[in-house]
There are 2 protein chains.
Amino acid sequence: MTQDLMTIREMCDAFDVTPRTLRFYEAKELIFPVREGTRRLFTRTDRARLKLILRGKRFGFSLEQIRQLLDLYDRNNRNIPQVTKAIELGRERLDDMERQRDELEIAIKGLREQLSWGEEHLQTLINETAKAAE
Amino acid sequence: MTQDLMTIREMCDAFDVTPRTLRFYEAKELIFPVREGTRRLFTRTDRARLKLILRGKRFGFSLEQIRQLLDLYDRNNRNIPQVTKAIELGRERLDDMERQRDELEIAIKGLREQLSWGEEHLQTLINETAKAAE
DNA sequence: CGTTATGCTTACGTTCACGTCAAGCAATCT
DNA sequence: AGATTGCTTGACGTGAACGTAAGCATAACG
């Protein structure tokens, strides 16, 4: 059962990260596990944030960029300038991501072409070798 | 005029990188400028490779991953096992990139939703403030 | 009740991708 | 000739994102 609170080990197993990583993210204020005595217990909020963190990392964003993005996902924020800024940053990130997607599309096409050229080239080499062996 | 050979400074201006970066990439065997005495001169091949390097970096690939990919773009390679391996690696990268594109698409959607929620939320906060000021 | 596992803090180490001097050579301007 | 400019090779420094090891507390197991 997916309990509401998870230990650090459960988190590590669930998300395939190390304890060090989770403590590091807490130090950087990306997640906020509660304490039971000295131990950390991670909430569903932490899990949602961690999911977004790992996703962001795969797009090459820095932890600091991700942290700012996460603020946008905090629906308890009633500070107008802060929310305004979060939205602004969110728009920038969105632009980044759309640009990246477009570039990625181009790069995929290029790589596909290069691959089919490479396969053809390889076949040519193999044929040459076979002919030379007769 | 775009000469065939460019100095390090011309390269830096053209690609918005530092000399250190170009020397570093040469040391890592990502580019192979020729020498005029002691000075580096960059060919169109170096420029093509640099373009691919900078693109790869934007997708979060490491320089080592990029180096392997660049080998695939070397059409002078007549070594069958090497070409075979390059194609293999290229296929893996292609898969990575397609996965990343799909994930990116999802993330963009999520961020868009979060942004429109945020904008709505912000408007609510502003309205509340206006009402409280009466 | 001792051992094994899990967790904590503190702190130094590591990898990647460069940045930042220092010191020296070579061509060019004055 | 002397100074400036551009490029070179070391070599040490840096920030991000953790890894790793030491030393201690607590908790679960047999």
Side-chain angles (χ1 to χ4, degrees), chain A residues 1 3-43 46-47 49-71 89 93 96 100, chain B residues 3-43 46-47 49-70 89 93 96 100:
Chain A
M1 211 177 269
Q3 314 117 40
D4 200 45
L5 296 175
M6 288 170 63
T7 72
I8 201 168
R9 181 109 308 275
E10 290 169 338
M11 287 291 282
C12 292
D13 294 347
F15 290 92
D16 193 33
V17 294
T18 69
R20 178 69 174 101
T21 299
L22 294 176
R23 296 190 192 109
F24 184 74
Y25 289 170
E26 183 188 14
K28 292 279 172 166
E29 301 186 76
L30 289 153
I31 50 181
F32 310 94
V34 298
R35 297 301 177 108
E36 178 202 47
T38 169
R39 302 191 161 176
R40 291 169 177 80
L41 290 177
F42 297 80
T43 69
D46 293 318
R47 292 193 286 279
R49 292 174 73 95
L50 182 54
K51 213 181 260 184
L52 290 169
I53 294 166
L54 298 178
R55 170 179 287 177
K57 284 201 55 185
R58 263 169 274 140
F59 302 148
F61 290 149
S62 73
L63 292 184
E64 177 54 22
Q65 286 178 313
I66 293 170
R67 199 190 57 71
Q68 295 174 350
L69 249 186
L70 284 172
D71 285 353
L89 285 170
R93 287 291 146 273
D96 287 350
Q100 195 174 335
Chain B
Q3 313 116 40
D4 200 44
L5 295 175
M6 288 170 63
T7 71
I8 201 168
R9 181 108 307 274
E10 289 169 338
M11 287 292 282
C12 291
D13 294 347
F15 289 92
D16 193 32
V17 294
T18 69
R20 179 69 173 100
T21 299
L22 295 176
R23 295 191 193 110
F24 184 74
Y25 290 169
E26 183 188 14
K28 293 280 171 166
E29 301 186 76
L30 288 153
I31 50 181
F32 309 94
V34 297
R35 297 304 176 108
E36 177 202 46
T38 170
R39 303 188 162 175
R40 291 170 177 80
L41 289 178
F42 297 80
T43 69
D46 292 318
R47 291 195 286 280
R49 293 174 73 94
L50 183 53
K51 214 182 258 185
L52 290 169
I53 293 166
L54 298 178
R55 170 179 286 176
K57 285 201 55 183
R58 265 170 271 139
F59 302 148
F61 289 149
S62 74
L63 292 184
E64 178 53 25
Q65 287 179 313
I66 293 170
R67 200 189 56 72
Q68 294 175 350
L69 248 186
L70 284 173
L89 285 169
R93 288 289 146 273
D96 288 350
Q100 194 172 339

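By convention in this document, chain letters (A, B, ...) are assigned in the order of the sequence lines, proteins followed by strands, and residues within each chain are numbered from 1.
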Report yes if the side chains of A:F32 and A:R49 come closer than 4.5 Å at any heavy-atom pair, otherwise no.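 A:F32 vs A:R49: side chains touch.
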
Kindly give the atom pairs (protein nitrogen or oxygen, nucleotide nitrogen or oxygen) under 3.5 Å for nucleotides 19-23 of chain D.
unit_1, atom_1, unit_2, atom_2, d
D:dG19, OP2, A:T18, OG1, 2.7
D:dG19, N7, A:R20, NE, 3.0
D:dG19, O6, A:R20, NH2, 3.1
D:dT20, O4, A:R20, NE, 3.2

So how far is it from B:I31 CD1 to B:R67 CZ, rounded to the nearest 0.5 Å?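 That separation rounds to 13.5 Å.
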
Please list each protein N or O that sits under 3.5 Å from an N or O in nucleotides 15-17 of chain C, with the distance.
unit_1, atom_1, unit_2, atom_2, d
C:dA17, OP1, B:L63, N, 3.0

Provide the closest heavy-atom pair for A:P19 versus A:C12 in the form atom of the first, atom of the second, distance.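 Scanning both residues, the minimum pair turns out to be N-SG, 3.3 Å.
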
Which residue pairs pass the side chain to side chain donor-acceptor pair (under 3.5 Å) test with at least one member in residues 19-28 of chain B, sequence neighbours excluded?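 The answer is B:T18-B:T21, B:E26-B:R35, B:E26-B:R40.
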
Under a 4.5 Å cut-off applied to non-hydrogen side-chain atoms, are A:L69 and A:Q65 in contact?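 No, their side chains stay 4.5 Å or more apart.
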
Looking at side-chain heavy atoms only, is the closest gap between A:L22 and A:D46 below 4.5 Å?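 No. Closest side-chain heavy atoms not under 4.5 Å.
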
Can you tell if the side chain of A:L63 reaches within under 4.5 Å of the side chain of A:I53, non-hydrogen atoms only?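 Sidechains of A:I53 and A:L63: in contact.
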
Does B:R93 pair with B:D96 as a salt bridge, N-O distance under 4.0 Å?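 Looking at B:R93 and B:D96, the cut-off is met.
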
Could you state the CD1-P distance from B:I31 to C:dC18, rounded to the nearest angstrom?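 For the pair B:I31 CD1 and C:dC18 P, the rounded distance is 11 Å.
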
Mark up nucleotides 3-10 of chain C, 5' to 3', with B wherever a protein heavy atom is under 4.0 angstrom from a base atom, S wherever such an atom reaches only the sugar-phosphate, and - elsewhere. ---BSSB-

Could you pull out all residues at least two apart from B:L41 that satisfy side-chain contact (heavy atoms from CB on, under 4.5 Å)?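 Testing B:L41 for side-chain contact (heavy atoms from CB on, under 4.5 Å), a comparison that skips the adjacent residues, returns B:L5, B:T7, B:V34, B:E36.
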
Taking only residues two or more places apart in sequence or in another chain, which ones pass side-chain contact (heavy atoms from CB on, under 4.5 Å) with A:Q100?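 Scan of A:Q100 (side-chain contact (heavy atoms from CB on, under 4.5 Å), adjacent residues dropped) gives A:F59, B:F59, B:Q100, B:L104.
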
